[in-house]
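One is the number of the first residue; the rest follow in order along the sequence.
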Amino acid sequence: MISSAALATCICIMLAACTPAAVVPASSEIATDYLFYRQSDDAEQASAGGLAKLWVDVEPNPRLRAPVRFAETVSGGVGEAWRATVWMALLAAGEIMDVDPFSLRVTVEAEGAVDGPSAGALMAAAIMAGARRAPVRTDVTITGTLNPDLTVGPVGGIPEKVEAAIRAGKKVIGIPMGQRRSQSLTKKVSVDVVAMAEKAGARIAIVPDLESAYNLLTGQSIPTTAPLDREDMALPIWISDIFADRAKSILRSVLAGHTDFRRFTKRLDDKKAKKRQAITRRLMKLAQKRLAKGDGVGAMDAATEAHRNHHALRTKVLTRVGAQFREWSTLRDLLLTLRTSVHFNLERSVPRWKKHTPGQAAEVPFAVETFEAMLDALRGLAQGDRSLESAAETNKLLAEPGYRPPKKEVSALIRGMQKYSTYLVDAQSSLVFGKAYLDVSDASSIRTGRTGVRPISEEVLKRVAARYERVADANLEYVDALLSRPLAARLNEPVERIRERLLLNDADYRTAYMNRRLPSLLSNQFINGLERRYAEVSGAVSSYIASGTVISKRYSLGAVYSRSDHTLLGVRQTQAFESMVKLADRRARQVAAQCLDVLGKIPTSALIEYHLAAQLERDGRTLRRRDAGAGFRMRMKGLVRLWRVWTLGRLALTTHRYLLASSDRRPPFDAAEFPGIKHRE
């Protein structure tokens with residue numbers, strides 16, 4: 001029996017070899033048909049799928065005017081989700097073609113009234129076709145949302161859409177990975193759409209990513225760079241040694257606190273606390289095992305998790321001790337010491353961040369990583385302080401030695417303490433990694449003898465920051481379009497309340513929302529000049545990655561969370577997840593090859609992130625046999641790190657182009673390349 005994944009691959013290969021049945025003349029305007037599913041509340045009009053015309057016109061935008069325009073065939077014809085999707089389609093098309101998306105001017109016209117994101121993949125492929133003056137097949141249509149990692153996400157109503165496409169004479173219908181068997185929204189049954197299409201003389205093509213969508217729509221391929229072998233992504237030993245020293249220091253700290261803390265857990269006889277202690281010990285052993293193998297980066301990652309888990313355990317146990325034995329002083333001392341430590345380490349690290357002034361494009365991602373650590377630490381402190389605003393008892397305990405809360409307030413105090421501790425530990429963990437990055441940077445300067453280099457100009461960094469701020473904002477708007485607004489409408493609540501819930505329960509959304517805004521809130525006395533520009537780039541890049549993670553995790557993959565503490569347990573779209581991991585690994589090695597070719601080196605931060613991603617993937621696969629949820633969370637973290645590799649590599653290449661443009665006094669992306677945008681080496 002052939003698996004569904006193997007069948008999908010066969011279908012894609014067959015379609016790639018087919019000669020298009022009909023094409024439209026080469027033009028900047030692309031005309032195609034998008035699929036929709038319309039739910040009807042009218043008893044006389046049944047719900048059904050349908051097709052409507054989509055026109056996409058692509059022009060050069062040499063003056064960098066507004067890159068997106070909407071044309072409507074009826075008043076108020078396109079909704080907010082559709083608008084957000086057009087922006088995502090433009091950004092994705094620019095990434096695939098390796099051009100600045102804002103150097104294009106795109107007009108999108110949809111026939112009739114339409115909303116929703118399900119035409120995202122088709123739109124992006126049409127934008128690419130219009131920019132490259134590639135003819136499109138008239139017997140093809142595609143349904144699928146766009147993910148920020150350039151994969152194609154799931155949609156609803158596929159059986160109804162396939163029926164509509166067949167009625168309209170379409171011979172090939174592209175659908176997302178993992179949706180061969182889809183729920184019919186009208187018949188309420190699961191349908192094998194491949195068999196349905198074959199019976200009608202049509203074919204279903206599985207479209208895992210945007211390149212596949214473009215190939216299906218046009219019959220052409222986008223030139224791509226051959227990825228490096230995994231062996232070529234190896235981390236230099238001297239970098240591993242620096243992280244190993246940091247890991248050993250963390251382990252000593254955790255071991256000392258862990259040993260001293262046993263008396264509290266024995267006193268409570270708390271089974272959950274003992275289980276968490278066992279997790280901490282397992283993480284410590286994992287870190288020691290990696291140290292023995294010479295894997296300093298992996299050891300530090302495990303040691304940091306052990307440290308985080310240890311502090312979470314201490315806070316929970318000490319709150320239990322306070323509640324059961326009315327002893328709160330130890331918990332108070334712990335949190336005050338932790339906050340003082342974070343403040344002290346942050347103040348000591350800021351001067352080092354300010355001195356970090358790269359002179360080459362390949363070094364910019366590393367600077368961005370270190371500044372992200374600073375922003376994450378500041379965010380943790382800010383969130384901790386904000387959490388105290390609504391926790392009067394916690395404030396009293398921290399401010400008044402010997403304070404004992406009334407029994408009726410103990411539960412609220414425990415919640416406030418645990419939340420406050422979590423934010424402080426997150427801040428401390430960020431600082432630990434940030435200081436390790438600074439150590440690597442200092443060592444790199446000594447090893448290469450590159451001291452006193454001329455830094456990248458503030459003007460170039462300003463342009464880089466502006467570009468990534470725009471894509472981060474587009475991602476956040478896409479989160480609202482896909483998640484916040486639909487959920488608010490379904491629950492009949494304000495959108496702001498849904499955003500507040502996401503901020504509270506989703507660490508990725510917190511990063512996306514707050515890191516985008518935090519640099520603008522920092523005072524000039526704290527950072528100014530070049531370091532402010534790096535903070536702006538860092539905030540935008542980290543927001544872009546985190547918001548993309550929210551979209552992929554919560555919308556495209558169908559994340560499943562525990563009701564008690566919002567822990568991620570897994571995803572419903574497992575086939576799509578496996579495809580994402582495979583494609584992300586390939587893209588990471590492709591961008592590394594591009595950096596090696598253009599810049600002469602792979603950004604160090606990209607190598608570190610790739611190393612951690614590979615480690616997390618291996619450990620996650622092993623752990624899932626024992627704990628499926630923990631194993632999946634580890635693999636999800638690995639997937640996000642692969643996305644970081646790709647983003648950081650693209651950041652280095654983009655900075656390089658702005659540097660060249662600055663020296664030549666010309667636009668970084670030449671509009672004279674039209675008609676037909678050629679792939680840039």
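Considering all non-hydrogen atoms of both residues, A247 and A303 come closest at O-CB, 4.0 Å. Closest of all the heavy-atom pairs between M634 and G620 is SD-N, 3.5 Å. The shortest heavy-atom contact between A427 and L381 is CB-N, 4.3 Å. Across all their heavy atoms, F433 and M300 have their closest contact at CA-CE, 3.6 Å.
A heavy-atom distance below 4.5 Å is not found between the side chains of R490 and I498.
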Between R633 and T567, does the side-chain hydrogen bond (donor to acceptor under 3.5 Å, both in side chains) criterion hold? Intermediate values first, please.
CA-CA 9 Å; R633 287 191 293 276; T567 300; 5.5 Å; no

Quick one: do D100 and Y658 satisfy side chain to side chain contact (heavy atoms under 4.5 Å, CB included)? Show the steps, please.
CA-CA 11 Å; D100 184 349; Y658 281 125; 3.7 Å; yes

Could you go through the side chain to side chain contact (heavy atoms under 4.5 Å, CB included) check for R554 and V550 one step at a time?
CA-CA 6 Å; R554 287 184 171 269; V550 173; 4.0 Å; yes

Could you check R644 against E372 for salt bridge (Lys or Arg N to Asp or Glu O under 4.0 Å), going step by step and ending with a plain yes or no?
CA-CA 12 Å; R644 290 185 71 87; E372 183 177 347; 2.6 Å; yes

Criterion salt bridge (Lys or Arg N to Asp or Glu O under 4.0 Å) on E493 and R501, from CA distance to verdict
CA-CA 12 Å; E493 293 184 3; R501 288 182 190 172; 2.8 Å; yes

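Side chains of D508 and T549: no donor on one and acceptor on the other come within 3.5 Å. A donor and an acceptor atom, one from each side chain of D295 and Q615, are located under 3.5 Å apart. R339 and Y420 share a side-chain donor-acceptor pair at under 3.5 Å. If you check the side chains of Y403 and E393, you find a donor sitting under 3.5 Å from an acceptor. For the residue pair T280 / N309, a side-chain donor-acceptor distance below 3.5 Å is found, with atom types taken as modelled. Residues R352 and S441 have side chains that never bring a donor and an acceptor to within less than 3.5 angstrom of each other.
To the nearest 0.5 Å, atoms CG (L146) and CG (L90) are separated by 11.0 Å. Within the model, atoms CG of D627 and CZ of F632 stand 13.0 Å from one another, a figure rounded to the nearest 0.5 Å. Atoms CD1 and CG, from I239 and L607 in turn, are 7.0 Å apart once rounded to the nearest 0.5 Å. For the atom pair N345 CG and T340 OG1, the distance stands at 11.0 Å (nearest 0.5 Å).
In terms of modelled atom types and a separation under 3.5 Å, the side chain of T145 and the main chain of G153 share a donor-acceptor contact. Proximity of a side-chain donor or acceptor of S538 to a complementary backbone N or O of Y534 within less than 3.5 Å is not detected. The backbone N or O of L503 sits less than 3.5 Å from a side-chain atom of R510, completing a donor-acceptor pair. For S547 (side chain) and Y544 (main-chain N/O), a donor-acceptor pair under 3.5 Å exists by modelled atom type. A donor-acceptor pair is defined here as one N or O able to donate and one able to accept, closer than 3.5 Å; no such pair exists between the side chain of S421 and the backbone of M417.
Ring geometry for W87 against F102 counts as tilted: the plane angle lies between 30° and 60°, on a 0 to 90° scale.
Atom CZ of R282 has more than 12 heavy atoms from other residues, nucleotides or ligands within 6.0 Å. Around atom NZ of K637, no more than 12 heavy atoms belonging to other residues, nucleotides or ligands sit under 6.0 Å away. Other residues, nucleotides and ligands contribute over 12 non-hydrogen atoms within 6.0 Å of the OH atom of Y555.
Taking the centre and axis of the six-membered ring of Y513, the NZ or CZ atom of R516 falls outside the cone set by 45° and 6.0 Å.
Using a cutoff of 4.0 Å between basic side-chain nitrogens and carboxylate oxygens, R308 and D426 are scored as salt-bridged.
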